[in-house]
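These notes are about the structure you will find just below.
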Amino acid sequence: MADNVQIETVPSIQVREMWERQQPIFARIYREGIAAVVQSMPDAAKLFRSSTCIIKCIDEGVPGDGLHMAGSGILRSSEAVRDMVQKANAEGVTSHTGCGAAQLLFTETYGHAPTPGELDAFAEEKARAIAGLCGIPYTGQIGVLSRPPELHIARIVYYVSSADFDHTVGNILPPGFTVSRRYMGLEDALDETALGVNIAFGHHGFGDLISADAPFVLCAVGDPTDPNLGEDQLRKELKAVQEQFPQGRVIIDGFNAPPPVS
Ligand SMILES: [Zn+2]
C-alpha cells in the first residue's frame, strides 16, 4: 500500500487533463508527421534562435535554446562535459528543482532516494561542480518549471543538431525533452534520449497512457547542411533507442531545420 500511496503524487484527473491537452497536436503529428507541422508554422525558422549558450537539463520543464544535458551534465564524464562545453562555447551552467537526473545520481550515490530539499541542494552542488570544472559561471537554480512539479508531461524527445532550438517558439510543438546531439558523443546522446523515454514511461510520467495507439515520439531535428547531423542520419541513430522499448510504443519522426531567416 505504501508504494501505491507514494506514486500517487499527482491526482490522476490532472494527469488525464495534461494528457488530453496534447491530444490534438499528437493526433496531427501521428497523421501528418512533424515535418508537415513545422512547415505549416509561419515562423518555423524562429525555432532556431541563437543566443548565449547556457547549459540546461534535458527536462521539458526547462525548455529553450542552450546546451541540454541530463542534470546539466551530471551523468556524463568530466572529459565529455568539458569537451561539450568547449565545442558549444557554453557560457554558464544552470540547475533546476525536481531534477530526475539528480534524483537518479543521488539514489545511486547514497543508496536511498533524496527528500525534495536534499534533491535540489544536490542538483545545485553538482551543477556548481561542473561550472568549476569548466571554468564558467553557475547561473542559478531554475525554480519555476514549465510543467507541474511532480509530473513529466513530455511525450517526445527532440534529438537536436543544434544548440539554438527552442520548441516553445510559436507555441505549436508539444513539450519535450531536448538532447543536444550536436555536441554530445553518440553513446551519451542515446543514453540521455533513453532516459527521457524511461521518465515518460515511469511513475512521474504518463506511464501506461503511452501505448502503440499513442506512442512516444523520438524526433530527429536535423541540420540539412551537415551530412553527419541531417535528419536521415539522426533517425538512423535513434533506432538504437527505439529498439530498447516494446514494439510500437516508441516511434521515430523528424524534420530538417528550415533555412535561417536572413
Ligand atoms: Zn533535470
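None of these values were measured; they are calculated from a predicted model. Order of appearance sets the numbers: ligands from 1, and atoms from 1 within every ligand. Along the sequence shown, residues carry numbers from 1.
Listed by chain and residue number, nothing satisfies the side-chain hydrogen bond (donor to acceptor under 3.5 Å, both in side chains) test with Gln242 (two or more places apart in sequence, or in another chain). Applying the side-chain hydrogen bond (donor to acceptor under 3.5 Å, both in side chains) rule to Ser72 yields no partners; only residues at least two apart in sequence or on another chain are considered.
Under the ring-ring contact (aromatic ring centres under 6.0 Å, His included) criterion, the residue pairs touching residues 42-101 are Phe48-Phe165, with sequence neighbours excluded.
Lys236 has no carboxylate O lying under 4.0 Å from a charged side-chain N of Asp232, or vice versa, which leaves the two without a salt bridge.
Side chain to side chain, Glu237 and Tyr159 meet the donor-acceptor criterion of an N or O pair below 3.5 Å.
Within the protein, the number of N, O or S atoms lying under 2.8 Å from the Zn ion (ligand 1) is 3.
Note that the CD atom of Gln141 and the SG atom of Cys99 stand 9.0 Å from one another [nearest 0.5 Å].
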